Each structure stands twice: as C-alpha cells, then as structure tokens.
*Asks:* 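Below you'll find the structure I mean.
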Amino acid sequence: MYAYSHKCLKILRGRTRVFVRKARRWLTGRRFFSRAALGAVLLAVVPFAAAGTASATSTTAAASSALDPNAPPSTRPAAGPERAAIAANSRPASGKNPSAGPQFKKSGSTWRVIAPEVVLRNTATDPDGDKVDVTFEVWTVDADGKPKDRVKLTDSNPYGVLVSPYVASGKPAQAEVDYGRLKPGVTYMFHTNAFDGSLYETEWSPWATFRIEPYMSFPEPQASSTIDQTTQTPETFTRTDPGPSLPTLRANGTIAEQPTKKRSCGAPDAQGHRLCIELSLPSKKRSLTPRRPGVAAAVPKAELIPWCEDKASGADYMTRSDACMKSVGSGKLIFTDTDPEKPALGYANFEFEQRIKAYPTKTESGSDFAEFDQQILIKPTYIDPQLEDVKMDWKVASSCDDECIQTPPKWTDDNGTDTGGSAYWVTQTSSQYDRRWGTVLTKWVGSGKKQIDLGWDVTATVGAGGNPATANFGTSGDTRVRELAPRCDTIVKGTAPGCTLPYFHPTFTVDTNLYPAAGAYYWLMQERLPDHAGAHRWDSLLHYLGPDTTAKGPDGKPWTRAKSQAIICPDSWQKHPADSSVGTTDCDEYAMASTHESGGFPGGVNQVSGGDKCAQYFTDKMTSGNSAFGIFADTRTATRGPSGNERCGRSAINSAQNQGAFHKLPVKSWRLLDDDGYFVSMPGYEHCKGADTTCAWRKIG
C-alpha cells in the first residue's frame with residue numbers, strides 16, 4: 001500500500017513540474033500577470049493540504065517568508081477559496097482605518113498596545129450586504145519603516161494569518177493574537193483584506209503600525225542600594241491651640257482666629273506695682289543663635305532634638321517621634337504701676353521654644369516603660385536693670401492621670417549643667433543673657449493604648465516686686481486634631497511599650513534599586529486608582545490594619561491581612577503566562593492587604609466582591625530597549641485592559657520582589673496601630689508623568 005502511494009506521489013510531482021514549465025512559458029509574455037498571480041495558479045494546483053512531509057513544510061515556510069506584502073489578497077486565501085463563477089456578486093472592501101489595541105490609543109502615528117494579546121481591528125463593507133470576515137496580516141518593520149518579514153500568527157492555516165469571524169457589513173471585525181506570537185518592544189505593521197464568502201477585495205487596507213509597550217519598564221534588580229527606606233524629613237505643621245495670647249493660624253500662615261488675651265497680669269502688690277507678661281508671634285527671620293549663612297548651628301548638649309537647633313524660628317516642625325516648636329512666641333515682661341498713665345518701671349524680652357520627644361522603643365528610651373520627654377528653651381534678649389532679677393517656672397499639665405510618672409522640670413544651661421529649680425537670671429552679670437533649658441520626663445505605666453493631651457504655661461517673677469504673672473502657652477491641640485498629643489501603647493508586637501506622635505504621617509520608601517518590579521507596580525497603582533492611596537503628591541494616605549482593629553469577619557474574629565488577601569488573591573487565581581526570565585511570580589495586590597484601603601477590607605472605601613474586580617496586570621520580558629522587563633495589562637478578564645476606575649489592583653509580580661519590597665516597613669519604630677496613616681514613595685519612578693507613555697526606572701544613587 002505504501003509503495004503504491006509513493007509511486008502515485010512521484011507521478012503527481014512529475015506532472016506538476018511539467019505543468020509549471022508550460023505555465024511559466026505561457027505567462028511570460030503577458031505583462032498583466034505578476035509573479036504573485038503565478039503563485040496563485042500554482043497554489044491552486046499544489047494544495048497546502050499536501051504539506052505533511054518535511055520537504056513540503058520547508059517549501060511552505062520559504063514561500064511564506066518571500067511573499068510580496070503588497071500582492072493581491074487572493075494570493076493568500078486564508079479565509080477560503082474564491083468562487084469567481086458567481087458573476088453577480090460584488091467584491092467587499094476593507095476600512096481605511098485599521099487599529100490595534102487594547103486600548104486602541106495612538107502615540108503619534110503608532111498604536112500603543114498595553115498587552116501581548118494584541119487585538120487587531122478593522123471595519124469592512126460589502127455592496128451586496130453580505131456578511132464579511134477580515135484577514136489580518138502582521139509584518140515586522142525595517143529601518144526605513146517598510147514591511148520586512150511576515151509574522152506567523154497562527155498554525156491554523158498555511159499563511160499564518162488571522163481571520164475574524166463573519167460580521168455584518170459595516171460592523172467592526174477583529175482577531176486576537178495569542179500570547180507569545182508578538183514581542184513587546186518591537187514595532188510591527190499590519191494590513192487587512194475582506195472576504196464575503198466568495199470574493200476577496202482586490203487591494204489591502206492601508207498599513208497601520210503598532211507596538212506592545214508596557215506601562216512601566218525596569219531592569220534586573222541592582223546588586224546593592226544606598227536607599228534608606230525609613231528616614232523621615234521633618235515637616236512643618238500648624239498648631240491648632242497656641243493659647244489665648246497668640247492668633248490661631250491656617251496651614252497657609254494666614255490668621256484664622258485672633259488672640260483673645262494678649263496680656264496676662266498678676267495682682268498688684270502692696271506698693272501698687274504689677275507684673276504683666278505679653279506674648280506675640282516670633283519673627284520668622286529671628287534666630288536664637290545668630291550664625292553665618294550656610295553654617296550649621298552648633299548643637300548644645302542640652303538640646304533634646306539635635307536637628308531642631310538649625311531650623312528657622314517662626315514655624316513648627318515634626319517627625320513621627322519629634323516635635324520642634326519654634327513658633328511658641330516672643331514674651332515681654334512689663335513691670336508697671338497700677339496707674340496706666342504712668343510709664344513702665346521696667347521690662348524684659350524673651351524668646352521661647354518647646355520640644356517633644358517620643359521614644360518608640362526601649363532602644364531609644366532605655367526604659368521598660370513607655371516614655372516621652374518635653375523641653376522648653378528660654379532665651380532673654382533684654383532685661384532692664386530696674387527688674388533686678390527674673391525667675392521663670394514652666395508647668396506641664398497632662399491628661400495622663402495616675403497612669404503617668406512625671407518629673408519636675410530640670411533646668412540646665414547649654415552645656416547641660418544644672419542651674420537650679422527654675423530658670424533664673426540676675427541683671428548686670430555676665431550670664432544675664434544665657435539660655436536656659438527646662439526638661440520634663442514622663443513615663444506611661446498603663447496598658448493597651450492611650451493618647452495623652454498636654455498643656456503648658458510659664459509663670460514669671462521679678463526681684464523688683466509685683467505678684468507672679470502667668471502666660472498660657474496653649475495645649476497639644478484641638479481635640480479633633482491633637483497634633484502634639486503623644487500616644488503610648490503596649491500593643492505593638494515584638495517590642496517593649498513605647499510612644500509616638502501619631503499626627504505625623506511617615507513615608508515608607510520602597511527600595512526601587514532592589515525591588516524595581518514592585519516599585520513600578522505600586523507607582524502605577526498610585527497613579528491610576530481613583531483614590532491614589534499612598535501617594536504623597538495626591539495627599540492620599542494608606543491606613544495600617546493593626547492588631548487593635550475593630551473590624552471583624554463573618555466568624556466574629558478581628559479582621560486580618562490574610563482575610564483581605566484571600567478575597568483579592570484567592571487560591572483559585574491563575575497567573576498570566578510570562579517569559580521564564582521573570583521567575584516565579586506571586587499575586588500582589590494594591591492597596592496592600594495590610595491596609596484599610598485593600599479591596600478586601602470590609603466596609604473600606606475600596607471594598608470589592610473579589611479580585612476579578614481589580615485592575616489586572618502582570619510582569620513580562622521586554623525584547624528591545626534598555627529595560628529587561630515591563631508591567632503589562634492582563635486582558636483575560638477585562639479585554640480592553642484596566643479602565644482606571646477600578647478600586648484595587650492585582651498583578652503577577654516576581655515573588656522575591658513582592659515579598660521583599662515591604663519587609664522593612666518599620667511597624668515597631670513607627671508604632672503603627674490600626675488606622676494609622678502613612679505614605680509610600682517610589683524614588684526610581686518619581687519622575688514619571690502619567691501612564692499614557694512608558695515610564696522607565698531610574699537608578700537612585
């Protein structure tokens with residue numbers, strides 16, 4: 001049987017060669033026949049169904065690569081054979097605007113495609129109203145922008161082209177390229193032709209150019225990095241309760257509320273003399289320690305917060321553990337007669353500053369208890385000799401009740417030398433203008449957590465007489481804000497009790513040198529999600545899911561990150577295929593499962609029913625350019641890719657990147673409890689200007 005079949009095949013091949021020679025001689029003299037027409041005749045005689053042998057396969061591949069891209073569409077009849085005998089039928093026509101997606105948006109003259117599963121689209125019409133299908137043919141592009149090599153898009157036909165399903169005349173037809181057929185970072189061009197079931201159109205559509213481009217691109221992780229992920233830059237803040245003697249300011253520095261009592265006076269003494277104290281805002285140009293421009297101030301040994309010394313006065317500064325208050329006020333002591341018509345008997349001017357330092361862990365405080373310290377700095381700038389001497393006492397009030405142990409103020413000079421139980425100056429001495437530092441230590445001995453409200457005042461006396469005068473320095477803030485109220489707790493796991501200033505929102509810096517894939521994905525999510533969670537530039541916080549959360553699951557137990565993760569990244573999640581160079585990938589959600597902004601958090605602003613409702617992305621290899629990898633759209637659920645209206649993100653990210661990017665979040669040193677806000681920064685991508693063009697990672701030195 002095999003010998004008989006082989007003999008028949010040899011006879012068929014011989015007769016075919018004779019036919020080809022005769023056809024070539026007959027067609028040579030007819031100029032209106034092209035080589036492509038000859039190819040069409042030959043294709044009709046030698047069907048691709050016989051391409052089962054190795055030699056036939058090689059011949060087909062060679063012929064395919066040598067095809068003229070502009071040959072008539074009928075020379076590649078992938079949609080089926082023509083039936084020219086139907087004379088009354090009219091030929092269909094492709095549209096003039098072929099497009100590629102998702103998301104079917106152009107960058108210049110090129111369609112920017114955000115997923116390797118490219119969708120090719122065009123609209124064809126048929127004069128007879130017949131249904132039509134459309135053939136899509138893709139080519140690489142040479143240096144001159146012309147078609148170079150045809151790309152095999154499918155194995156279902158010998159031409160390697162895609163054919164759409166039939167659609168009504170005038171409706172868009174499309175075909176999707178399978179993953180792996182086209183490469184990210186390569187420029188392609190394609191054209192189309194229409195077929196109505198019997199006839200092809202005579203010409204191809206215009207060419208359209210497209211590239212598969214990621215949202216973000218990045219290289220392999222660097223071997224080392226100098227990025228500090230937790231260091232905080234002090235930020236300015238505005239006090240909401242500076243006391244009755246000073247105006248309440250808005251964040252922009254304008255006055256929101258005028259002072260109610262600028263001057264406070266003691267009762268007249270036996271001689272009818274009275275001592276008053278009056279506060280005013282310090283000048284922002286004034287500095288307690290004059291120095292040459294550009295030269296940092298020497299830090300006194302007594303200073304509780306070293307970085308505070310060199311800050312300009314007239315403003316207040318804060319970190320998660322430190323508050324540097326340089327807008328406490330300028331004070332004026334007025335020693336006067338009870339008769340307002342008489343001039344003052346003497347006066348003195350002082351500058352005031354305050355500090356609060358919270359110790360988040362035992363390492364900083366050295367104490368087994370939660371501790372925070374407070375400090376006042378008083379600097380006399382003028383004391384009238386008529387006053388003889390001036391003494392000031394600082395009183396610190398708190399809402400700590402019997403849960404706190406608080407020391408009396410300890411007064412020292414700049415060098416930390418003990419100067420007695422009060423701040424004291426004698427006129428006409430060499431030390432009459434020396435600074436005095438008063439420090440109070442507070443230890444919280446309670447359990448659970450407690451935010452402690454504070455208040456301060458200063459009482460002054462002078463040697464010349466008069467009863468004491470007291471100035472109110474305000475409180476730790478309006479009860480709705482409490483910007484200067486320390487919070488102490490025993491809840492943060494793995495550390496001794498400690499305190500922090502929860503009003504300050506720290507920034508966690510992702511080390512994008514070591515974790516470029518995770519950083520790229522997080523930046524993209526901050527940019528595209530409606531609430532921009534975690535982005536400092538949008539002033540949008542992430543809120544930590546702490547062990548003290550009141551949120552509960554259906555089981556009645558406290559909500560955990562694992563419960564959020566099970567909703568967004570369930571075990572049933574199927575990762576998108578990717579090049580092996582990407583490595584093992586995990587399901588990485590944004591916002592993180594450890595935050596209230598997670599799509600899985602119950603009752604949260606971004607709550608969704610499941611991870612399929614999130615924007616879907618994945619990491620894959622880049623083919624050209626300086627970057628090795630990119631973040632692409634996963635279009636398996638949303639065929640047009642993420643819309644930007646999703647409330648969460650879900651992406652396949654390299655496992656080491658996903659697990660390492662946040663492993664240094666300093667929960668202990670920031671004492672993060674439930675609902676504490678923080679920002680996330682991606683320094684390797686802060687230069688990015690949006691997601692409409694690919695943003696490439698930059699190394700941070």
Side-chain angles (χ1 to χ4, degrees), residues 216 227-240 248-254 256 311 315-324 327 451 477-485 487 500-510 512 518-546 589-592 594-599 601 603-607 615 644-649 661-662 665-667 670-692 695 700:
M216 318 289 290
I227 293 177
D228 191 323
Q229 295 188 261
T230 59
T231 294
Q232 301 301 300
T233 300
E235 296 184 2
T236 58
F237 69 99
T238 303
R239 292 185 61 191
T240 57
T248 303
L249 303 179
R250 300 183 181 91
N252 62 7
T254 60
K311 292 294 184 183
D316 297 323
Y317 310 86
M318 180 183 285
T319 67
R320 185 76 174 177
S321 59
D322 302 340
C324 166
S327 70
Q451 192 162 7
D478 184 293
T479 54
R480 295 167 295 182
V481 181
R482 307 172 81 185
E483 68 275 8
L484 289 169
R487 185 190 68 203
T500 190
L501 297 172
Y503 176 78
F504 180 84
H505 300 132
T507 298
F508 179 72
T509 302
V510 175
T512 56
Y521 169 53
Y522 299 154
W523 187 93
L524 181 65
M525 292 297 88
Q526 286 187 354
E527 183 69 21
R528 290 183 62 84
L529 294 182
D531 65 340
H532 308 290
H536 208 305
R537 61 189 173 277
W538 297 97
D539 195 26
S540 181
L541 293 165
L542 287 168
H543 293 86
Y544 186 67
L545 175 60
E589 67 169 288
Y590 196 94
M592 298 77 178
S594 59
T595 68
H596 287 210
E597 284 67 34
S598 165
F601 184 74
V605 293
N606 296 323
Q607 185 179 13
N645 296 319
E646 297 88 354
R647 303 302 307 185
C648 52
F662 257 72
L665 182 68
V667 173
W670 289 352
R671 299 209 73 87
L672 291 175
L673 294 181
D674 191 57
D675 208 30
D676 278 0
Y678 66 96
F679 297 105
V680 177
S681 171
M682 276 67 66
Y685 301 98
E686 298 296 345
H687 62 281
C688 300
K689 300 299 183 183
D692 291 335
C695 179
I700 303 299

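Every value quoted in this text rests on a predicted model; they were computed, and no experiment measured them. Hydrogens, waters and symmetry mates play no part in the numbers below; they use all other heavy atoms, side chains included.
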*Asks:* Could you label the plane-to-plane angle of the Phe508 and Phe662 rings as parallel, tilted or perpendicular, counting under 30° as parallel and over 60° as perpendicular?
*Replies:*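 Correct class here is tilted.
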*Asks:* Okay, side chain of Glu597, backbone of His543: is any donor-acceptor separation there less than 3.5 Å?
*Replies:*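 Here the side-chain-to-backbone pair exists.
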*Asks:* Check whether any side-chain N or O of Arg487 sits under 3.5 Å from a backbone N or O of Arg671 as a donor-acceptor pair, and report yes or no.
*Replies:*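 It does hold such a pair.
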*Asks:* Roughly how far, to the nearest 0.5 Å, is OG1 of Thr512 from CD1 of Ile227?
*Replies:*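 Answer for the CD1-OG1 pair, Ile227 versus Thr512, is 4.0 Å.
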*Asks:* Judged by atom type as modelled, is there a donor-acceptor pair below 3.5 Å linking the side chain of Asp674 to the main-chain atoms of Gly546?
*Replies:*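 Such a contact is found between Asp674 side chain and Gly546 backbone.
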*Asks:* Check the pair His536 / Ser681 against side-chain contact (heavy atoms from CB on, under 4.5 Å), numbers first and verdict last.
*Replies:* CA-CA 7 Å; His536 208 305; Ser681 171; over 6 Å; no
*Asks:* Using the ring of each side chain (for Trp, its six-membered ring), is Trp670 parallel, tilted or perpendicular to Tyr678, with breaks at 30° and 60°?
*Replies:*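 Ring orientation, 0 to 90° scale: tilted.
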*Asks:* Looking at Gln526 and Leu524, would you say the former's side chain and the latter's main chain have a donor-acceptor pair under 3.5 Å?
*Replies:*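 No: the side chain of Gln526 does not pair with the backbone of Leu524.
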*Asks:* Given Tyr522, which of Tyr685, Tyr590, Phe679 fulfils the ring-ring contact (aromatic ring centres under 6.0 Å, His included) condition?
*Replies:*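 Going through the options one by one, the only one that passes is Tyr590.
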*Asks:* Any chance you could lay out the side-chain contact (heavy atoms from CB on, under 4.5 Å) test for His505 and Glu235, step after step, and finish with the verdict?
*Replies:* CA-CA 10 Å; His505 300 132; Glu235 296 184 2; over 6 Å; no
*Asks:* Is the backbone of Ala485 close enough, under 3.5 Å, to the side chain of Gln451 for a donor and an acceptor to pair up by distance?
*Replies:*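 Checking the backbone N and O of Ala485 against the side chain of Gln451, a donor-acceptor pair under 3.5 Å is found.
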*Asks:* Using a 3.5 Å distance criterion without hydrogens, assess whether the side chain of Asp676 forms a donor-acceptor pair with backbone atoms of Tyr544.
*Replies:*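 A pair under 3.5 Å: no.
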*Asks:* Taking Thr240 for the side chain and Asp478 for the main chain, is one N or O donor matched with an acceptor at less than 3.5 Å?
*Replies:*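 Judged by distance alone, yes, a pair lies under 3.5 Å.
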*Asks:* Just checking Asp539: does its CG atom have more than 12 heavy atoms from other residues, nucleotides or ligands closer to it than 6.0 angstrom?
*Replies:*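 Result for CG/Asp539: open.
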*Asks:* Decide side-chain contact (heavy atoms from CB on, under 4.5 Å) for Gln607 and Arg647; before the verdict, give the C-alpha distance in whole Å, the side-chain angles of both, and the deciding distance to 0.1 Å.
*Replies:* CA-CA 7 Å; Gln607 185 179 13; Arg647 303 302 307 185; over 6 Å; no
*Asks:* Could you grab the distance from atom CE of Met682 to atom SG of Cys688, nearest 0.5 Å is fine?
*Replies:*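 Going from the CE atom of Met682 to the SG atom of Cys688 covers 9.5 Å.
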*Asks:* Can you tell me how far apart CG (Leu673) and CG (Leu545) are? Round to the nearest 0.5 Å.
*Replies:*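 Between atom CG of Leu673 and atom CG of Leu545 there are 11.5 Å.
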*Asks:* Measuring only between side-chain heavy atoms, which start at C-beta, is Thr509 closer than 4.5 Å to Asp228?
*Replies:*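 No, too far: nothing below the 4.5 Å cut-off.
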*Asks:* Is it true that a side-chain atom of Gln232 and a backbone atom of Thr230 form a donor plus acceptor pair closer than 3.5 Å?
*Replies:*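 Yes: the side chain of Gln232 pairs with the backbone of Thr230.
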*Asks:* Could you check whether any side-chain N or O of Ser327 sits under 3.5 Å from a backbone N or O of Asp316, counting only pairs where one atom can act as donor and the other as acceptor?
*Replies:*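 The answer is no, because no donor-acceptor pair under 3.5 Å joins these two groups.
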